[in-house]
Structures are given as C-alpha cells and as structure tokens.
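What follows is a single structure, written as structure tokens, with notes after it.
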Amino acid sequence: MTSVMMVTELLLCVALTSAYMNQCSQNPFINVSDDCDDSSTTSMTALSNVEEPVSPDVEGDLVEKPALIPSLFPHMPSTLYFSTASERVELLPAEQRKLLKWKITTVTPNVVKNTISRSHFKATKKSHDWLGCWGHHMKSPGFKAIREFQKLNHFPGSFQIGRKDRLWRNLSKMQAHFGKREFGFFPRSFILPQDIKLLRKAWEDGGSKQKWIVKPPASARGIGIQVIHKWSQMPRKRPLLVQKYLHKPYLISGNKFDLRIYVYVTSYDPLRVYIFNDGLVRFASCKYSPSMKTLNNKFMHLTNYSVNKKNSEYQSNSDDKACQGHKWALKALWQYLGSQGINTTLIWEKIKDMVIKTIIASDPYVNSLVKMHVRSAYSCHELFGFDIMLDENLKPWVLEVNISPSLHSNTPLDVSIKGQMIRDLLNLAGFVLPLSEDIAPSNSSSSSATNSLCGVVRERWRSDISTDEKVKRAFYLSQRFGDQDFCATILDVLTPDDVHVLAETEDELSRKGDFERVFPSHASSRYLRFFEQPRYLNILLNQWEQKYWLNRSQGINLLRDLCEKRVHLGNLADSVHHWSSKSYHGHRSQMTSSGVLVSQRSDAEDEDSSDREVQSVTMSLPDMSLLSTISLSPSPTSSSSLASDSMPSHDDP
C-alpha cells in the first residue's frame, strides 16, 4: 500500500512539474531556472559580482595563446592579445612584462579587470607609465596629460551625444539640414528653459491626450524621469529634456522593452565605427497599459534595470539563449522575432544606419577637440551604449546614448555578453608595447629588446605628414565629389601616410571578433555628405572599401608589398609614391577648374618652394582646418559648444 502511494505521489509530482514547465515555455517572462529550482537561484547569488570563473581543475586544459598578435603587414607593430576565460596567454619576457601596467579607477569594471589580468597586466593607481585606463570621462584639457603610448576609453567632446540635451540638439540640427527622411529616428524633443515657448505651442497643438517624458539631461539609471500628461505636472527644476512619449511601443507578452546596443569607435579621423553583434534587451516588469492612470508606474513605463530590479515581480534570466525573464540577449530577441515571421535583418540595418548618423553628428566637436588637446590619435577610443526602442510598426528609435555604459556583470547572462564584448573590444583597440625610451630613459639593452618585439612602434603614434601629402589632401578636399571615377583616383598614387592608415585599418579589421564594422564600408559613400566638413582619410577609406570589399585579399597583398618596401615609413628610394610628381600635373585641368592654382615645380626644388606650393593650394580651400597638420583650431559652428558642462552619469546595466 505504501509503495502504491509513493508511486502515485511521484506520478502526481511529475505531472505538476510538466504542466508548470509547459507554462514557463509559453510565457517568456517566467524564468524556468529561477522559479522552478531554488538551488539555481542560490548558485546565481553566489556568482554575483564574479566574472567568468575558471575552476582550478580546468586551468590545465586552457588553450595557450601568444601574447602578441602579429600584424598582417611587414614592419607594422604587433598588438597585445586579450583572451577569453578558456585561454591562457603566454608570458612575455620579463623586460616587456614590466611595461604591462593598467591604471585602475573607481569606475573600472570587474569585467575589464579580469580581461586585462589574463594578459598579465598589473593594476596601478598612481603610475605615470600605464598603457591603458578605463575611467571617467574628463574635461577636454585633461586629455593633454595623456602620453602618446597611453590609451583612455574616451574621446574629448563625446558628451555632445552622451548628454541627452546635446544629443537632441545635434540630431535636431542634422534633421533641419537633411530632413526627417534621413534624421527622423528620434522623438520630438525640447530643452528647457530655452525651448519653453516652442514646447508650450506643441503641447497646445497636440491636445489633452498626449504623453510626454521628462528627463534630467545628465542623469542615468532612470533617475529623475517622469511621464506626464498635464502642463501642471512639469517639474520646475531646470535644465530639462522633454520628449514626446512613444506611447505605442512594440510589446512582447504585453511588456515594453528597449535594446542596449554596444557601439565602439576606434578613431574619429578617419572615422571607424563598429557595432557588437550581441547586446541586451531590457523589459519593463509590468504589462504595458496606455491608460493615463498608469503614468506613475515606473515598472510599466521605464525599462531601466536599476528601476525594475526593485519590483517583486522582476524575473532574472541566466541563459543567453533563452527568451525568458526581464532581460534577454539581443541574439535571443532576433531569434524570437524571427520565429514570428519578422524580418530582423531589416531592423538591424536600420539600427546600423541610425548609429552611423548619430556618431557623425558628433564628428566636428570631437575632431576639433582631439586636434587641440590630444597628442596622438592612438590615445583615444570609446564604447557607446545606444538605447533603442521599437514602436508598434517595428521602427527603431534612438532614446539616448551613454558614454559610460554599465559593464556590471552580476549574472551569467551579463558575463556572457559583456565579457566577450570587452575581450573583443580590447583586441580591436590595438594596444602596442612602447619602446622603453618612450616611457623613460633606460638602458639600451632593454630598449633593443622591446624594439625587437614590437617592430616599428613609433610609427603607431606619428602625426606628421609630408608637404607632398598635404598637397594631395588639399587637392582632394577642394573637389566636388559627384564624379565617382574622379574620386577613385585617390588610390592611384598611395603616399606613405595613405599606406600607413590603410594597413592600420586592415590590421584592425582582422581583430574584430564579434564586432562588425559599419563605417567605413562598401556602402559608406552615402554618409559622406552628412559630415560638416569632408575629411581626406574618410574619402580614402571609402574608395578603398569600394575597390576591395569583394576581394579584400587583393588589397591586403598590395599593402604587404608596399610595407615590405617600407613605403609607410617614408623610406622612398624613388618618386613612385610621391603624389605631386606622379599625379599632380596630370590633374591640372581639374585643379584649374576648381579654382586651385598650382605653379609647376620640379622634384629637385627645395623645401621652401614646396611650402609655397602648398600655400597656393590652401589659399583657395574653404577651410584648411580639415588638414590636421595645417590648422588645429575648431570650426566656427562647433566652437560655442566645445566646452564641457557636467558629464553624464554612469548608466544602467
């Protein structure tokens, strides 16, 4: 009898478990691992704040990786390798290991600390000779203290899209110039107190049923955000950003959500933009209702993790492949939407388009400040966190851009996505071991040892270009670029700096991991008109991509041959890569018709003559600040906005 009862109870337990699991599979907001197994929840709590743990038993099975990634090209520097948790990075010789110092700040996240420690970096707080730092954004003049061999994870001026008020001001300026068809991907926005009269008129024209969302311009994590529908509810504290509320969002199981897209910029001149192929999907923890009576419910209307984790209804998710709980992986969302018959490729392409245009909106400010305050373009790189929402028609909208996106990794889902992203980002960044004498005077023996490992490292942060290269840049920047055949001639004679930039760009692309480069690309021609000022290196890379994107190996082989001859180092035995002697006179008709007067010069004439030649070219150009070595002053249109106000706060996980 007892055995029969035990069997009956066992069958009943199995039936109930099966029914509950079926319910979980139908509702993506029930987390099977968290709600069906208490022990799983306990283990996740134990893993909190622990990133990519590796068992001692497994360490012997780690795959060993070289400490340096060799360049694709001769006489170009190798870069430091950053590994996954399943790999072990080999040790550099002792003299080189001494150089591996990373400046730790109060905001350096654990996921960064763990990644750099696997490459044998030592943490330092006060050292002057660190190679990398993941820290706060700082005011632009502070960048002058960064030495040529050091990398900080910000650009001066990036707050022009990182602060909510500056982002909308700059995107609104782009929309006014190019129209809503190109820049219609952000909600109508007003900045108070400046736009109070415009907002009042829009409010009155919109009627009583409209909703507005109010945000402090430099806050994060949902702090200070309200959704209102009456003028009397408008906060009196200024400044404020007031936006039309996207009141018809796309819903999954009745809940609204937004996307955290990771965008990485390695350089602003030339502009090189990457987007990570995974990200986070953050759900509001209460089912959505458009009723005015619900506007005070932050768990319904805000998707910030910092807000929703306080809701007792919040469900976590430990599986990066599962569509469950209130935080998903971006790839899991694409899979879910694809199963609903939705074209996710089209959505992704629209997101990439928005990202490129938003980054371009910051271009004049960042480049002006880099030229004024940064010794070497090598020293800056930046990760942006784009927050994007889909409306009921699956149109993506940019809500805000974070210049210090949260990298806290408290769950296996966060660790999986952010850990891989940071590892790939640091490899893309291309950290180079400096020569010992670049850091401090030292014995020649240690200097030569470092040099043998790193190749021609000094070239990594050189910024000088020859007179001939200035003339070539001036010529192409003075032209109208309607004629694609003419633009392609920029590749006919590659100068030393052309070769150096192209080789660096191809090297970087080869280290992209799970990032995708979205600018430049074979289709980037359409974006060149959005730049406030044309930039020579953007034109060069655009033409390179159009010529070689279907046969990249051909372009790489060409650059290998040129680097083998040390063309990128300026070691020219002949005039083959001297643009003036090869193409200068051949383009006389174009130069004359464009109003650029250049007198004939022979190769044998002296440097003073060459300088006068450059001057005759530059006198006819609209703005020579385009040439990085000729003028370092900011453009008039951007100078009024260059000074940094308060920086945006660190954002939501």
Side-chain angles (χ1 to χ4, degrees), residues 177-178 268-271 360 363-364 367-368 370-371 463-502 520 524-547 575 577-603 605 607-639:
H177 193 102
F178 297 105
Y268 263 88
D269 188 14
L271 184 62
I360 289 175
D363 168 85
N367 268 308
S368 293
V370 166
K371 288 178 176 66
S463 58
D464 56 309
I465 59 173
S466 69
T467 299
D468 177 66
E469 289 170 320
K470 292 176 187 177
V471 174
K472 182 184 179 185
R473 292 186 179 199
F475 172 63
Y476 280 97
L477 288 173
S478 70
Q479 306 303 309
R480 294 185 178 182
F481 291 97
D483 184 352
Q484 192 59 36
D485 290 338
F486 167 71
C487 291
T489 63
I490 200 171
L491 300 177
D492 288 354
V493 178
L494 294 177
T495 67
D497 197 63
D498 290 346
V499 176
H500 188 271
V501 170
L502 290 170
S524 55
S525 291
R526 69 175 300 267
Y527 294 102
L528 294 181
R529 67 190 181 99
F530 299 134
F531 286 84
E532 184 176 283
Q533 298 173 334
R535 301 197 185 277
Y536 171 84
L537 293 178
N538 289 340
I539 299 166
L540 176 72
L541 291 186
N542 176 65
Q543 291 302 319
W544 180 265
E545 284 302 305
Q546 290 195 50
K547 183 170 184 177
S575 61
H577 299 280
H578 192 261
W579 184 80
S580 301
S581 61
K582 296 293 290 185
S583 296
Y584 202 37
H585 306 302
H587 291 305
R588 176 169 304 282
S589 60
Q590 290 104 316
M591 299 182 81
T592 304
S593 64
S594 67
V596 182
L597 178 62
V598 183
S599 57
Q600 285 191 345
R601 302 284 176 189
S602 69
D603 293 342
E605 291 184 88
E607 185 68 21
D608 289 338
S609 298
S610 296
D611 286 341
R612 288 196 299 272
E613 182 177 83
V614 173
Q615 186 178 11
S616 68
V617 174
T618 60
M619 286 175 61
S620 300
L621 294 179
D623 189 347
M624 289 312 295
S625 67
L626 305 176
L627 300 185
S628 60
T629 57
I630 295 180
S631 173
L632 302 182
S633 58
S635 64
T637 58
S638 60
S639 59

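Nothing fancy with the numbering, it's 1 onward along the sequence.
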How far does NZ of K547 sit from CD1 of I490, to the nearest 0.5 angstrom? 12.0 Å
Pairwise distance CG(D498) to CH2(W579) - rounded to 0.5 angstrom: 11.0 Å
Please check: side-chain N/O of T489 versus main-chain N/O of D492, any donor-acceptor pairing under 3.5 Å? no
On a heavy-atom basis, the closest approach of Y536 and L477 is N-CD2, 3.6 Å
So how far is it from Y476 OH to I539 CD1, rounded to the nearest 0.5 Å? 10.0 Å
So do the side chains of L540 and P270 get within less than 4.5 Å of each other, counting heavy atoms only? no
Could you tell me if the ring centre of F475 sits under 6.0 Å from that of F486? yes
Identify the two heavy atoms, one from C487 and one from Q543, that lie closest to each other, and give their separation to 0.1 Å. CB-NE2, 3.3 Å
Checking N542 now: which residues fulfil side chain to side chain donor-acceptor pair (under 3.5 Å) with it, not counting sequence neighbours? S524, S525
Within this structure, what is the CG-CD distance for the pair N367 and Q533, rounded to the nearest 0.5 Å? 9.0 Å
Between K472 and D497, is the closest basic N to carboxylate O distance under 4.0 Å? no
About how many Å separate NZ of K470 and CD1 of I465, when rounded to the nearest 0.5 Å? 6.5 Å
Show, in sequence, the C-alpha distance, side-chain angles and deciding distance for D269 and V370, and conclude whether the side chain to side chain contact (heavy atoms under 4.5 Å, CB included) test is met. CA-CA 10 Å; D269 188 14; V370 166; over 6 Å; no
If you measure from CD1 on I360 to CG on L271, what distance do you get to the nearest 0.5 Å? 6.5 Å
Residues that E545 engages under side chain to side chain donor-acceptor pair (under 3.5 Å), provided they are two or more places apart: R517, R552
Smallest separation among heavy atoms of P364 and E532, with atom names: CB-OE2, 3.7 Å
Does R473 reach the side chain of L537, with side-chain heavy atoms less than 4.5 Å apart? yes
Got a sec, which residues hit salt bridge (charged side-chain N to carboxylate O under 4.0 Å, His left out) with R529, two or more places apart in sequence or on another chain? E182
